Amino acid sequence: MARQTPLRAIRGMHDLLPDQSARWQQLEDRARAVLERYGYQEMRTPLVEQSELFKRSIGEVTDIVEKEMYSFEDRGGDQLSLRPEGTASCVRAAIEHGLLEQPRRIWYRGPMFRRERPQRGRYRQFHQIGVEVFGLGGPDIDLEVILLTHRLWQALGLGDLRLEINSLGDSAERADYREQLVAYLRAHEDRLDDDSRRRLETNPLRVLDSKNPDLQALLASAPSLHAALGRDSRAHFEALCAGLERAGIAYEINPRLVRGLDYYNRTVFEWITDALGAQGTVCAGGRYDGLVEQLGGRATPAVGFALGLERLLELSDSAPPASIDAYLIAVGEQASAAAMPIAERIRDALPALRLICHCGGGSFKSQFKRADRSGARVALVLGDDELAQGRIGIKPLRAPQDDRTQASTDQAKAEQTSVALDALAEQLPRFL
Ligand code: ATP
Ligand code: MG
């Protein structure tokens, strides 16, 4: 049969290749450790939901629902969508399983799907870690989730992220403000672009979110949302600001920060970097006190955020951690036959050791080449003679992890040590 043309992955959706996975795992492990330290519990929900869920929560007139969702009718005629974000599913699950009787701190991770124009930092399948807290309405929990994200940046070694915050007020205040804003924008309609003109009708607050540089001057002089805030919203916001100051977290109030999703009220925040060009927001969140009720649950205050893992990874320059410690090679009839069981004994004795047992035979030279390419720190060397004496060779391929000077690498490469097989578990760690 003629060789077929190979198929390719879908545009904007990427394979995570074996030599990239260590960095992803490191990021996820560090994030998880921080989340657990604050008492957050992981929840996993399906990647597919009824389209209706996202229409009702994110909003019918948002970019996501209007043009970015992967929606389809399944064979039973149900209208389904790949999830474009995690909050709607979390709220749906929390209502469905009665999790809202008491305050809940929940986190999730996984792929999200939006049919956007792919570019640096913007993909059609991307990955988020997110947090949702249910049942707490005060500014203290807003402060906690921001402190948590701040600790996360520390754990990931990210320095130069800037925090922007804003308050959107409650729905009555927003409605008031909406009228003022519409009046202002109508008066300058000739200066708006097509997108903004359309949003003026459907979702005017989103005009403030426009990235069009020609609109920035106009928007800078738009009426301020802050002036429209009532006493309670203002007090909530001021308490958050005071908390951030007490905690020593620098922030900037951005009165035009409105967020792309409809469901936010009061606190909204973003962590932004200047290092990634236009796709500078690595983490975004806020309060959404009305959403649980909007999705059919009992009114429950809620606050959360989501961060984009691709953008975070692009920001951090941490070297990928080594994925393998030792590579067992064996030459000779008896040694080859004994290699696999000996590898098992070594794994029994050293549970943390990551050991590859060579497969496929070949000369010492070719096996050493494989061992070196695997990235292992040491080769374990088994020949018939060693086996007969109950011994095994340890050949350093790289300097031990905490001593990586060139001199030590050269020296380390030079010698092969022979140890009794029974003493390997004891001897090996000092070579790693
Ligand atoms: P943006 O303004 O960059 O489009 P957004 O407001 O649509 O972001 P959210 O829906 O709040 O973003 O998602 C939270 C985070 O998820 C973003 O700050 C970003 O880090 C990441 N993110 C969102 N969309 C994408 C995407 N298409 N590709 C990669 N990461 C994304
Ligand atoms: Mg977006």
Side-chain angles (χ1 to χ4, degrees), residues 18-34 36-37 154-157 316-432:
D19 63 356
Q20 302 162 335
S21 57
R23 285 191 75 219
W24 278 80
Q25 288 163 348
Q26 187 183 53
L27 170 64
E28 289 168 350
D29 289 349
R30 288 178 177 172
R32 175 179 164 179
V34 169
E36 287 178 350
R37 290 180 64 191
Q154 287 177 329
L156 300 175
S316 84
D317 45 17
S318 70
S323 61
I324 188 78
D325 303 310
Y327 191 106
L328 175 61
I329 70 187
V331 174
E333 206 175 312
Q334 279 88 36
S336 301
M340 208 60 76
I342 286 177
E344 287 305 310
R345 271 171 55 196
I346 298 172
R347 293 188 184 106
D348 287 340
L350 292 169
L353 184 76
R354 295 162 304 177
L355 169 68
I356 288 179
C357 180
H358 179 81
C359 288
S363 66
F364 268 125
K365 191 167 171 226
S366 69
Q367 293 194 35
F368 263 118
K369 215 182 232 170
R370 288 272 185 90
D372 195 38
R373 264 197 222 149
S374 75
R377 226 155 266 292
V378 301
L380 301 178
V381 188
L382 205 58
D384 285 347
D385 293 347
E386 271 105 349
L387 186 68
Q389 295 163 25
R391 301 184 73 80
I392 189 165
I394 302 178
K395 163 92 173 156
L397 302 172
R398 285 164 183 79
Q401 210 150 21
D402 42 9
D403 178 18
R404 280 194 224 175
T405 57
Q406 189 56 46
S408 68
T409 304
D410 292 346
Q411 187 195 13
K413 274 189 173 174
E415 315 147 15
Q416 178 171 323
T417 318
S418 163
V419 302
L421 248 175
D422 292 335
L424 181 66
E426 207 177 292
Q427 296 289 324
L428 189 55
R430 72 188 168 92
F431 292 89
L432 299 176

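Since we're looking at a predicted model, the values are computed, not measured.
- A salt bridge is defined here as a Lys NZ or Arg NE, NH1 or NH2 lying under 4.0 Å from an Asp or Glu carboxylate O, and Asp325 with Arg377 fails to meet this definition.
- Only one option out of Val381, Ile356, Ile392 pairs with Leu328 in a side-chain contact (heavy atoms from CB on, under 4.5 Å); it is Ile392.
- The line from CG of Leu350 to CD of Glu426 is 10.5 Å long, rounded to the nearest 0.5 Å.
- Counting only heavy atoms from C-beta outward, the side chains of Arg354 and Ser374 never approach each other to under 4.5 Å.
- The neighbour count for Arg370 CZ, taken as heavy atoms of other residues, nucleotides or ligands under 6.0 Å away, does not exceed 12.
- A salt bridge does not link Lys395 to Asp372: none of the charged nitrogens lies less than 4.0 Å from a carboxylate oxygen.
- No more than 12 heavy atoms of other residues, nucleotides or ligands shown are found within 6.0 angstrom of CZ on Arg37.
- With contacts defined as side-chain heavy-atom distances shorter than 4.5 Å, the pair Gln334/Leu382 does not qualify.
- Gln367 places no side-chain N or O within donor-acceptor distance of the main-chain N or O of Phe364, the cut-off being under 3.5 Å.
- The shortest distance between side-chain heavy atoms of Leu156 and Val34 does not fall below 4.5 Å.
- Annotation: the span from Leu428 atom CG to Ile394 atom CD1 amounts to 5.0 Å, rounded to 0.5 Å.
- Here the side chains of Leu380 and Leu355 are in contact, with some heavy-atom distance below 4.5 Å.
- Closest non-hydrogen pair, Ala349 versus Ala425, comes out as CB-CB, 3.8 Å.
- Shown here for Ala335 and Gly383, the closest heavy-atom pair between the two residues is CB-C, 3.6 Å.
- Between the CG atom in Leu424 and the CZ atom in Arg345 there is a gap of 9.5 Å [rounded to 0.5 Å].
- Atom OG in Ser316 sits 7.5 Å away from atom CD in Gln26 (nearest 0.5 Å).
- When every heavy atom of Val378 is checked against every heavy atom of Pro396, the shortest pair comes out as CG1-CA, 4.1 Å.
- Arg32 CZ to Glu36 CD: the interatomic distance, rounded to the nearest 0.5 Å, is 4.5 Å.
- Between atom OG1 of residue Thr417 and atom CZ of residue Arg430 there is a gap of 6.5 Å, rounded to the nearest 0.5 Å.
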